[in-house]
Amino acid sequence: MDSITLDVICRLAFNMHNTDVHNEDSLFRKMVVDFMRQTSDPILRIIGYFPFLKKFLSILFHLFGNANLLKTISKKLDNEISKYYMEKLKNNQHQKHDDRKINILDFMIEQQQLGNLNELQLIGNSLVILLAGYETTSTSLTFTFYLLAKHIEWQNKLREEILKNFNNSDDYCQFDQYRSELLDRIWFESLRLYPPVISFITRRLDTGVDKCYINSLDLNITKEMTIMVPTWPIHHDEEYWPQPNQFDPNRNDLPIPGGNVMEKNPAFLAFGNGPRNCIGSNLALSESRAVLVALIKHYRFELIDDQKSEKFTSIDPNSGLLKLSCPNVIIRPEKDIWLRVTKI
Ligand code: HEM
């Protein structure tokens, strides 16, 4: 899942078509994955909690933290961006109108030329898009395949529907356009049960109003106070989601595309909400549709049920959900998820 989602974001956002991320020993993939997986970097965490200590802590981060890894990834992005920029300049000399589709990088380069972004901000934003764009989607797909392996009846239903629509085709572009309410329900319910990003929806009251009183909590939010919306508890609150620990793609209030449920149901927070919500939700949805169709069509996914096997996944006995950890802002299963995959 890491390989495919990293490949997609590199191609779509940065025009990087020749990455070797599908190779087991890909250095680029290793760097990016290591950075995301191993950075429960305490220094970065403390910067998050005490932003006013940023200057001092960033020196420590450079000395003892993961700064080198971050620098190497940024350097690679910087090279790719320069290469793309030079190619663009060369092409523009030959053709008056550049009619290629605009990608995120084109947009950022345009903003840099208008003076709205400096070079450091361009690299910084690219880094955010690379990191935000791959692990979130990769994690959500991992949970979806786990849930389909656990609830084999839903996997069979989905395969039946896919085979009906794509029996003679393996056209991935068509998969991306594929609209199946069943598939979307499965993906959104998986995002509801295991929302990948759980501690990132933060807001600060810093413009216009001085304070804001929340009646139901008897709480005053004052100027410059930062609040975090608790995604996990809301996604598992019986009041909003009956039998919250059950995987039930038939739920009424899932914000599947087509309806207006996102507006109607603010209790679904996998992509945040409001003007600063996720900019990549549609990309993640298209990508996930294509991956699910391509794999479920050709492979059967099953849990490894031998409890003695080290590949057995660990479950919380109270909730029946996977035991999780959250090293940065993205949840991870405490033990890797191993599934048995059989070609059909
Ligand atoms: C299943 C996949 C994804 C999940 C669960 C997810 C989740 C989130 C969440 C919860 C937020 C915070 C929203 C808020 O504060 O209201 C966010 C923001 C963001 N996401 Fe995603 N995301 C996903 C995929 C992507 C992709 C593919 C991209 C890349 C294009 C992306 C780029 C971003 C960016 C740049 C922000 C910051 C937006 C801002 O601050 O204005 N995300 N995402």
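Hydrogens, waters and symmetry mates are skipped; everything else that's a heavy atom, side chains included, is used. In listed order, ligands and their atoms are each counted from 1.
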query: Is the Tyr146 ring parallel, tilted or perpendicular to the Tyr194 ring (thresholds 30°, 60°)?
result: perpendicular
message: Starting from atom 24 (C) of ligand 1, what is the nearest protein heavy atom, named by residue and atom, and what distance separates them?
response: Thr136 OG1, 3.3 Å
field: Ala270 near ligand 1 by a heavy-atom separation under 4.0 Å
entry: yes
- prompt: Which atom names give the shortest non-hydrogen contact between Ile331 and Pro195, and what distance separates them?
  reply: CD1-O, 3.4 Å
field: Flag: protein heavy atom within less than 4.0 Å of atom 37 (C) of ligand 1
entry: no
query: Hey, is Thr139 touching ligand 1 through its side chain, its backbone, both or neither, going by heavy atoms under 4.0 Å?
result: neither
message: Going by the closest heavy atom to atom 29 (C) of ligand 1, which one wins out of Ala13, Gly133, Pro195, Ser138?
response: Gly133
query: Ala267 and His235: which non-hydrogen atoms are nearest, and at how many Å?
result: O-CD2, 3.3 Å
statement: Nearest non-hydrogen protein atom to atom 4 (C) of ligand 1, with distance, is Phe271 CE2, 3.4 Å
message: Between Arg29 and Ser3, does the side-chain hydrogen bond (donor to acceptor under 3.5 Å, both in side chains) criterion hold? Intermediate values first, please.
response: CA-CA 7 Å; Arg29 189 180 96 191; Ser3 307; 2.7 Å; yes
query: Starting from atom 34 (C) of ligand 1, which protein heavy atom do you reach first, and at what distance in Å?
result: Ile279 CG1, 3.8 Å
message: If the cut-off is 4.0 Å to any non-hydrogen atom of Ala284, which atoms of ligand 1 fall inside it?
response: 1 (C), 2 (C)
query: What atoms in ligand 1 come closer than 4.0 Å to a heavy atom of Val197?
result: 7 (C), 10 (C)
Phe200: numbered ligand 1 atoms lying under 4.0 Å from its heavy atoms: 11 (C), 12 (C)
- prompt: Parallel, tilted or perpendicular: which describes the rings of Phe188 and Phe268, with under 30° parallel and over 60° perpendicular?
  reply: tilted
message: Please check whether Arg276 reaches ligand 1 - meaning an N/O of the residue sits under 3.5 Å from an N/O of the ligand, judged on distance alone.
response: yes
message: Closer than 4.0 Å to some heavy atom of Gly272 - which atoms of ligand 1 meet that?
response: 10 (C), 13 (C), 14 (C), 16 (O)
statement: The closest protein heavy-atom partner of atom 42 (N) of ligand 1 is Cys278 SG, 3.1 Å
- request: For Asn273, counting its heavy atoms only, list the atoms of ligand 1 lying under 4.0 Å from any of them.
  value: 16 (O)
query: Looking at Arg185 and Glu181, does any basic side-chain N land under 4.0 Å from a carboxylate oxygen?
result: yes
N-O pairing of Asp184 and Arg289 below 4.0 Å: yes
message: Minimum heavy-atom separation for Arg251 and Pro242, please, with both atom names.
response: NH1-O, 2.8 Å
field: Face-on cation placement of Arg192 at Trp241 ring, 6.0 Å and 45° thresholds
entry: yes
statement: In terms of heavy-atom contacts, Val21 and Ser26 come closest through CA-OG, 3.7 Å
- prompt: Under 4.0 angstrom from ligand 1, any heavy atom of Arg203?
  reply: yes
